[in-house]
Amino acid sequence: MQRHVLSEKESVEIKEKVKEKYNIDLDGQLEIGKEKKAKYYLVDHILAFFVMNDEIVPTLCGVIKLKINMPYVAVDEGAVKALIKGADLFTPGIKEYHCEVKPNSIVLVRTLQGLPVALMRISEGAEEAVKAGKGKFGVNVHHLNDELWGLCNGEN
């Protein structure tokens, strides 16, 4: 991955975007990394964010290592097994909601023990799926064991 330290001006802009979207005060050196067409932001050498459709989204590494607190759902073990293989999330696997169900927002998925396993973009129709207790809740955008997780842990 090609990377370089952001200028002070660029750092301030990114920190403001992250503060506005996730209510996080980033502290530390910010770098931008690029690989193929993907863009990443590193905070003190931790792959903390990636860019998806011009939106800055935390990585699971960022959530874990920087203790990013974001809206989440807790799921059962059956859902965990499917999610770490890249499956989308369906409402029957969700056991707890700690988020607003707004389409296109990003939520963290945790185990019932609190371990982060995936990030989902809430689907259109998720609100109805929650009320019905069946149907698609969200699209998997990043999960344990995916390529991005490998980059976080220096495996790629």
Side-chain angles (χ1 to χ4, degrees), residues 1 13-27 30 32-43 46-156:
M1 173 188 327
E13 287 175 14
I14 297 303
K15 288 177 180 181
E16 285 174 357
K17 284 182 181 179
V18 169
K19 174 71 174 171
E20 181 182 319
K21 182 146 178 89
Y22 299 105
N23 198 27
I24 303 165
D25 289 313
L26 291 179
D27 190 25
L30 242 60
I32 187 169
K34 294 180 181 177
E35 186 168 293
K36 300 176 185 160
K37 293 182 181 181
K39 190 187 312 184
Y40 309 100
Y41 291 102
L42 296 91
V43 178
I46 296 167
L47 184 56
F49 299 91
F50 66 103
V51 177
M52 181 178 67
N53 302 328
D54 296 325
E55 178 180 4
I56 296 174
V57 179
T59 64
L60 289 172
C61 289
V63 168
I64 294 165
K65 294 177 181 176
L66 300 175
K67 298 179 179 17
I68 296 172
N69 190 16
M70 57 187 297
Y72 71 93
V73 294
V75 298
D76 63 25
E77 285 304 310
V80 170
K81 289 176 184 174
L83 293 172
I84 62 175
K85 292 178 183 173
D88 293 338
L89 180 58
F90 290 80
T91 55
I94 302 172
K95 299 304 172 200
E96 298 173 10
Y97 293 88
H98 299 272
C99 65
E100 291 183 40
V101 183
K102 291 184 179 177
N104 294 317
S105 58
I106 301 289
V107 296
L108 179 66
V109 179
R110 296 181 177 179
T111 65
L112 291 171
Q113 294 76 32
L115 301 172
V117 293
L119 290 165
M120 295 286 141
R121 178 173 299 280
I122 297 178
S123 299
E124 295 293 329
E127 197 170 342
E128 291 78 25
V130 170
K131 287 177 185 169
K134 61 182 179 181
K136 186 184 268 191
F137 177 79
V139 176
N140 197 329
V141 297
H142 170 40
H143 59 276
L144 293 179
N145 301 328
D146 69 3
E147 187 176 331
L148 187 53
W149 178 254
L151 284 172
C152 287
N153 292 294
E155 295 169 9
N156 294 357

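For the numbers below, each heavy atom of this structure counts, side chains included, while hydrogens, waters and symmetry mates do not. Positions are given from 1, in the same order as the sequence printed here.
At a threshold of 4.5 Å between non-hydrogen side-chain atoms, the residues I106 and M52 count as touching. Counting heavy atoms from C-beta outward, N140 and V109 have side chains that stay 4.5 Å or more apart. Annotation: side chain of Y97 is not in contact with side chain of P71 (no heavy-atom distance under 4.5 Å). Residues L42 and L30 are not in side-chain contact: their nearest non-hydrogen atoms beyond the backbone lie 4.5 Å or more apart. Considering only heavy atoms from C-beta on, V75 stays 4.5 Å or farther from F137 through its side chain. Using a 4.5 Å heavy-atom threshold, the side chains of N104 and E124 count as touching. The side-chain heavy atoms of P116 and I64, taken from C-beta on, include a pair separated by under 4.5 Å.
When every heavy atom of A74 is checked against every heavy atom of T111, the shortest pair comes out as CB-O, 4.1 Å. In plain terms, the two heavy atoms of P92 and G133 that are nearest each other are CG-O, 3.6 Å. Considering every non-hydrogen atom in both A118 and L83, the closest pair reads CB-CB, 4.5 Å. Taking both residues in full, the closest heavy atoms of V63 and P58 are given as CG2-CB, 4.0 Å, listed atom of the first, atom of the second, then distance. Nearest approach of V43 to A48, heavy atoms of both residues: CG2-CB, 3.9 Å.
The distance from atom SG of C61 to atom CD1 of I46, rounded to the nearest 0.5 Å, is 8.5 Å. The CG atom of L26 sits 11.5 Å away from the OH atom of Y41 when rounded to the nearest 0.5 Å. Taking CD1 from I24 and CE from M70, the interatomic distance works out to 8.0 Å, rounded to the nearest 0.5 Å. The structure places CD1 of I56 at 8.5 Å from NZ of K39, a figure rounded to the nearest 0.5 Å. The distance from the CG atom of N145 to the NE2 atom of H143 is 6.5 Å, given to the nearest 0.5 Å. Within the model, atoms CG of L89 and CD1 of I94 stand 4.0 Å from one another, a figure rounded to the nearest 0.5 Å.
Judged as a side chain to side chain donor-acceptor pair (under 3.5 Å), and not counting sequence neighbours, the contacts of N23 are K19. Shown here are the side chain to side chain contact (heavy atoms under 4.5 Å, CB included) partners of K102, two or more places apart in sequence or in another chain: E100, S105. The ring pair (Phe, Tyr, Trp, His ring centres under 6.0 Å) search around F50 returns H142, not counting sequence neighbours.
For residues 46-60, the set of pairs meeting the side-chain hydrogen bond (donor to acceptor under 3.5 Å, both in side chains) definition, not counting sequence neighbours, comprises K21-E55, E55-R121. Residue pairs meeting the side-chain hydrogen bond (donor to acceptor under 3.5 Å, both in side chains) criterion with at least one partner in residues 75-92, sequence neighbours excluded, are D88-K136. Residue pairs meeting the ring pair (Phe, Tyr, Trp, His ring centres under 6.0 Å) criterion with at least one partner in residues 64-93, sequence neighbours excluded, are Y72-H98.
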Go through L119 and V107 one step at a time and tell me if the side chain to side chain contact (heavy atoms under 4.5 Å, CB included) criterion holds. CA-CA 6 Å; L119 290 165; V107 296; over 6 Å; no

Could you give me the CA-CA distance, side-chain angles and deciding distance for L112 and E96, then say whether side chain to side chain contact (heavy atoms under 4.5 Å, CB included) is met? CA-CA 8 Å; L112 291 171; E96 298 173 10; 4.1 Å; yes

Could you walk me through whether Y22 and V57 satisfy the side chain to side chain contact (heavy atoms under 4.5 Å, CB included) test, starting with their C-alpha distance in whole Å, then the side-chain angles of each, then the deciding distance to 0.1 Å, before giving a yes or no? CA-CA 9 Å; Y22 299 105; V57 179; 4.3 Å; yes

Test side chain to side chain contact (heavy atoms under 4.5 Å, CB included) applied to V73 and M120, step by step: CA-CA 10 Å; V73 294; M120 295 286 141; over 6 Å; no

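Under a 3.5 Å cut-off, the side chain of S123 and the backbone N or O of G125 do not form any donor-acceptor pair.
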